[in-house]
Structures are given as C-alpha cells and as structure tokens.
Amino acid sequence: MADPMRIRAQAAGDKATVRVLMSHEMETGQRKDASGKVIPAWFIQEVSAAHNGKVVMTAQWGPSVSKNPFLQFNVKGAKAGDKVSVSWVDNKGDKRTDEATVS
Amino acid sequence: MQTRREMLSRSAGVAAMLAGMGLLPSVAQAAYAQAAFDAKTMADLVKSLGVSAPAENKAVTITGPDIAENGAVVPLGCSTTLPGVKRLLIAVEKNPSMLCALFDVTDAVEANFNTRVKMGQSSNVFAIAIMNDGKVFFAQKEVKVTLGGCGG
C-alpha cells in the first residue's frame with residue numbers, strides 16, 4: 001500500500017511495548033465528496049501481530065478507527081532482538097505486512 | 001513447458017514464502033464480525049457476538065481524554081486486569097457504527113490496547129471484556145468532542 005508502517009518495539013522488563021502507525025485512509029463510507037456523492041468505505045478490517053513468527057494478537061476494526069491508525073499493545077516475554085511483525089487486511093482485500101526488531 | 005516436479009517445487013516455494021509472511025491461515029481466526037460492526041445499540045452488539053448482557057466491572061478500564069479537541073483522532077485505550085479474557089472491545093455509543101475495534105487476547109499479549117478512533121459527537125465510550133467463560137464486563141467513560149470526526 002502507500003507508506004510502510006512505522007513500528008517501534010521497546011523491551012521493558014519481561015514485555016515489549018509495540019507501537020504501530022499505519023498509513024491508511026480509513027474512509028467510513030459516510031462522507032460525501034464535493035459533488036455530493038458518497039465516498040465509499042475503505043478501511044482496515046483485520047490486523048494481526050506476530051512475535052518471532054507466532055501470532056500473538058489479532059484485531060478486527062470498524063470504519064471508526066482514525067485515519068492513519070495508531071495501535072499500541074504489549075507483548076509478554078519479548079526481549080531485545082526479537083522480531084515483531086504486523087499485518088493488516090482492508091475491506092478491498094489489500095494487505096500489508098511490516099516487521100521490526102525489538103530494541 | 002514446466003515439468004510437474006518444477007511446478008511442485010515452485011508452489012511449495014510460494015507457500016513457504018506466504019507462510020513466512022504470515023498470510024496462510026495457520027491460526028483459526030474468527031471470520032470478520034460484520035454483524036457486530038453493524039450493531040447500533042449495546043443490546044444489538046452483545047447479541048451479534050452471541051454473549052450475555054454486560055455487567056459493569058471496576059477491573060475493566062477505558063482510558064481516554066475527558067475532552068477531545070479533534071473528534072477525528074481520539075486516543076482511547078481499553079484494558080483489564082481480569083484473567084481469562086478472550087476479547088476486548090472499544091465501542092462509542094453515539095457513532096453510526098458503535099463498535100470501533102475488537103481485539104482477540106492471547107496469552108502472549110497483555111489485555112491492554114490503545115488506538116485512535118473517530119467520534120462524531122460527545123458520547124459515552126465503552127471498553128467491553130468478553131471472558132473465556134462467556135461472561136461480559138464493561139467500563140464506560142464520557143468523552144466530550146468539540147469538533148466532530150466524520151468530516152460532516
């Protein structure tokens with residue numbers, strides 16, 4: 001899709017806080033453009049995060065999540081050097097995956 | 001013309017690549033809960049998820065600003081200290097589509113999620129925790145919005 005996700009993962013004790021900023025319009029399907037036509041809904045529906053290849057979190061989003069969505073969660077047992085990857089699928093079937101290393 | 005052998009190793013390679021990218025459905029993910037996202041009231045939402053009516057519980061927290069300056073980006077967080085949580089939901093009462101986000105909790109993550117949502121107007125926001133045993137608990141908070149978030 002557009003820009004890569006920005007993922008920051010910081011280890012603190014026995015868990016890592018992962019912050020992700022995704023790049024996506026997240027249209028609700030409620031807005032109208034200048035000519036009065038409704039702009040169709042276009043938003044991320046599913047998000048999943050994996051730690052060292054194992055899925056640790058899945059989420060389903062509706063159109064009311066903000067544009068360029070932000071997400072923060074804590075993974076237990078993650079240490080510096082581990083890989084965290086985040087993927088999303090939107091309602092048009094587009095998908096994106098990005099990866100980061102825990103610092 | 002490819003031999004069958006070449007084709008098999010090619011598709012195995014593609015499958016390995018997809019698995020490496022985490023796109024193969026190796027974990028049983030719930031199908032997208034369209035009915036839940038279409039629900040307009042708390043009662044509909046709970047019914048669409050097939051659980052009982054929620055009970056307010058202090059161990060579930062919804063965090064957010066008291067007054068949101070920009071309804072297009074309201075940072076909200078949901079968390080719970082209760083063990084045995086299956087799902088955490090964030091819902092905004094007066095949005096056209098009440099359910100904002102639904103998080104499946106596994107043992108590998110804490111039951112604590114933050115995201116930013118759009119709010120059309122000042123409203124109550126809810127964090128709803130669905131437990132493994134089917135019980136449902138919630139917490140609510142009022143968030144005032146000075147500028148509505150759906151561009152209207």
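Below, chain A is the first sequence line, B the second, and so on; all start at residue 1.
Taking both residues in full, the closest heavy atoms of B/T115 and A/F70 are given as OG1-O, 2.6 Å, listed atom of the first, atom of the second, then distance. Residues B/N95 and A/S64 approach most closely at ND2-CB, 3.6 Å, considering heavy atoms. Among all heavy-atom pairs drawn from B/V74 and A/S66, the shortest one is N-OG, 4.2 Å.
Under a cut-off of 6.0 angstrom, the local environment of NZ in B/K135 is sparse, with at most 12 non-hydrogen atoms contributed by other residues, nucleotides or ligands. The number of heavy atoms from other shown groups lying within 6.0 Å of NZ (B/K40) is above 12. Atom NZ of B/K47 has 12 or fewer heavy atoms from other residues, nucleotides or ligands within 6.0 Å. Under a cut-off of 6.0 angstrom, the local environment of CD in B/E142 is crowded, with over 12 non-hydrogen atoms contributed by other residues, nucleotides or ligands. The number of heavy atoms from other shown groups lying within 6.0 Å of CG (A/D33) is above 12.
With values rounded to the nearest 0.5 angstrom, A/M57 atom CE is found 11.5 Å from B/L88 atom CG. Taking CD of A/E46 as the reference point, atom OH of B/Y32 lies at 8.0 Å (rounded to 0.5 Å). Taken from NE2 in A/H51 to OG1 in B/T106, the straight-line distance is 11.0 Å, to the nearest 0.5 Å. In this structure, B/L89 CG and A/Q60 CD are separated by 9.0 Å, a value rounded to the nearest 0.5 Å. Distance CG/A/N91 to CZ/B/F37: 11.5 Å, rounded to 0.5 Å.
Looking at heavy atoms from C-beta onward, B/R116 lies in side-chain contact with A/L21 at the 4.5 angstrom threshold. Counting heavy atoms from C-beta on, the side chains of B/Q34 and A/Q45 come closer than 4.5 Å.
For the side chain to side chain contact (heavy atoms under 4.5 Å, CB included) test with A/F73, the passing option among B/N112, B/V109, B/N114 is B/V109; the others fail.
Counting only distance, with no hydrogens or angles, the side chain of B/K118 and the backbone of A/M26 share a donor-acceptor pair below 3.5 Å.
Taking hydrophobic clusters as Ile, Leu, Val, Met, Phe, Trp and Tyr residues chained together by side-chain heavy-atom distances below 4.5 Å, B/I67 does not share a cluster with B/V125. Under the 4.5 Å side-chain heavy-atom criterion for ILVMFWY residues, no single connected hydrophobic cluster contains both A/I39 and A/F43. Cluster annotation: B/L82 and B/F138 are assigned to the same hydrophobic cluster (Ile/Leu/Val/Met/Phe/Trp/Tyr, side-chain heavy-atom contacts under 4.5 Å, transitive).
Contact of A/K67 with chain B is made through the backbone alone, with heavy-atom distances under 4.5 Å. Both the backbone and the side chain of A/P63 come within contact range of chain B, with heavy atoms under 4.5 Å apart.
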